[in-house]
Amino acid sequence: AEAGQVWGYDPSFCAGYPAATIFELSTKLWERTARLLSTVVSFPVAYKIFPVSVVLAIPLLLWVTGWGFRLAWPARAALVGIGTLYFWASLLREMAQTGMVAFVLGVYGALATAGILWRWMTEHGGRGQAPPLRETVLLGLAGAALLAAHPTAPVLVGIPALCLLAVWSF
């Protein structure tokens with residue numbers, strides 16, 4: 001702040017180490033991203049790229065959600081608009097501003113994963129047939145990314161997955 005710039009971390013606190021305590025698992029992806037990008041750009045810039053990327057990814061994740069649930073283009077655009085507006089008008093924005101960016105990624109990533117899961121469950125002609133390869137790969141990648149992003153990912157994905165399974169079963 002003395003130089004007129006706010007970097008988002010204090011180099012005199014924990015020597016600028018972005019990971020909080022060793023028990024704070026939700027900062028690990030942010031930390032790894034910042035460390036990886038700091039080989040290309042300065043560390044303060046690298047530190048900022050992750051939260052900005054998460055906020056910019058929200059419309060994309062909502063679009064994937066609409067694709068997974070097979071929403072028509074106008075409904076998908078409405079989902080993106082309303083879902084993005086919800087971010088800016090809700091507690092999720094406050095969470096992102098206070099450093100809980102990984103949870104925001106987890107919430108919107110869980111919606112996208114639920115959409116991919118729905119498409120995976122309904123893409124093939126019926127039960128007993130092999131699931132589609134594209135959706136299987138997407139589902140695996142989404143699950144792995146979410147687990148790396150936030151430790152509550154199994155809960156964030158598990159509850160919608162159980163609800164979708166219950167709907168699909170009937």
Side-chain angles (χ1 to χ4, degrees), residues 6 8 18 24-34 36-37 40-41 44-125 131-170:
V6 179
E24 184 57 70
L25 295 176
S26 67
T27 61
K28 298 304 179 194
L29 183 62
W30 192 350
E31 171 200 356
R32 290 182 185 121
T33 303
L36 180 70
L37 292 175
V40 180
V41 296
V45 172
Y47 189 79
K48 292 182 197 178
I49 289 175
F50 182 73
V52 169
S53 299
V54 168
V55 172
L56 292 176
I58 289 172
L60 176 65
L61 291 169
L62 289 167
W63 189 262
V64 170
T65 303
W67 169 81
F69 285 109
R70 291 188 174 80
L71 297 180
W73 286 85
R76 215 180 295 180
L79 174 68
V80 170
I82 293 169
T84 304
L85 180 64
Y86 177 77
F87 168 77
W88 289 106
S90 71
L91 181 62
L92 290 173
R93 179 182 56 88
E94 300 291 329
M95 294 173 97
Q97 287 178 325
T98 57
M100 297 174 65
V101 181
F103 183 75
V104 174
L105 178 61
V107 168
Y108 283 97
L111 290 173
T113 304
I116 295 168
L117 177 63
W118 181 254
R119 187 173 274 269
W120 182 80
M121 291 182 341
T122 59
E123 187 74 21
H124 52 289
L133 180 63
R134 178 183 60 181
E135 283 74 15
T136 304
V137 170
L138 283 173
L139 195 58
L141 291 174
L146 277 178
L147 196 55
H150 202 273
T152 62
V155 175
L156 293 172
V157 173
I159 293 171
L162 289 175
C163 293
L164 290 174
L165 186 60
V167 169
W168 184 63
S169 298
F170 292 106

Query - For Arg32, side chain to side chain contact (heavy atoms under 4.5 Å, CB included) partners two or more places apart - result: Lys28
Report task. Taking side chain to side chain contact (heavy atoms under 4.5 Å, CB included) as the test, write out the residues that go with Leu133, two or more places apart. Result -> Val137
Requested in this report: Determine which pairs satisfy side chain to side chain donor-acceptor pair (under 3.5 Å) with at least one residue from residues 76-90, sequence neighbours left out, and list them in order.
Outcome: none
Query raised in the report: With a 4.5 Å limit on heavy-atom distance, are the side chains of Thr122 and Arg70 in contact?
Result: yes
Query raised in the report: When rounded to the nearest 0.5 angstrom, what distance separates CD1 in Ile49 from CG in Leu56?
Result: 11.0 Å
Query raised in the report: Rounded to the nearest 0.5 Å, how far does CG of Leu146 lie from OG1 of Thr113?
Result: 4.0 Å
**Report entry** Student check: side-chain heavy atoms of Leu105 and Leu61 closer than 4.5 Å
**Finding:** yes
**Report entry** side chain to side chain contact (heavy atoms under 4.5 Å, CB included) partners for Val155, two or more places apart
**Finding:** Ile159
Query raised in the report: Going by heavy atoms in the side chains, are Phe69 and Leu79 under 4.5 Å from each other?
Result: no
Requested in this report: Can you sort out the partners of Thr152 under side chain to side chain donor-acceptor pair (under 3.5 Å), two or more places apart, ordered by chain and number?
Outcome: His150
Query - Leu138 side chain reached by Trp120 side chain, heavy atoms, under 4.5 Å - result: no
Query raised in the report: In terms of the angle between their ring planes, are Phe87 and Tyr108 parallel, tilted or perpendicular, with boundaries placed at 30° and 60°?
Result: perpendicular
Query raised in the report: Got a sec, which pairs hit side chain to side chain donor-acceptor pair (under 3.5 Å) with one end in residues 97-107, sequence neighbours left out?
Result: Arg93-Gln97
Query - Test item: Trp30 and Val54 side chains (from C-beta on) under 4.5 Å apart, heavy atoms - result: no
Query raised in the report: Any side-chain heavy atom of Val104 sitting closer than 4.5 Å to one from Ile58?
Result: yes
Query raised in the report: Would Trp118 and Trp67 count as a close aromatic pair, with their ring centres under 6.0 Å?
Result: no
Report summary line: Closest heavy-atom pair, Leu62 versus Val80, reported as atoms and distance to 0.1 Å, is CD1-O, 3.8 Å
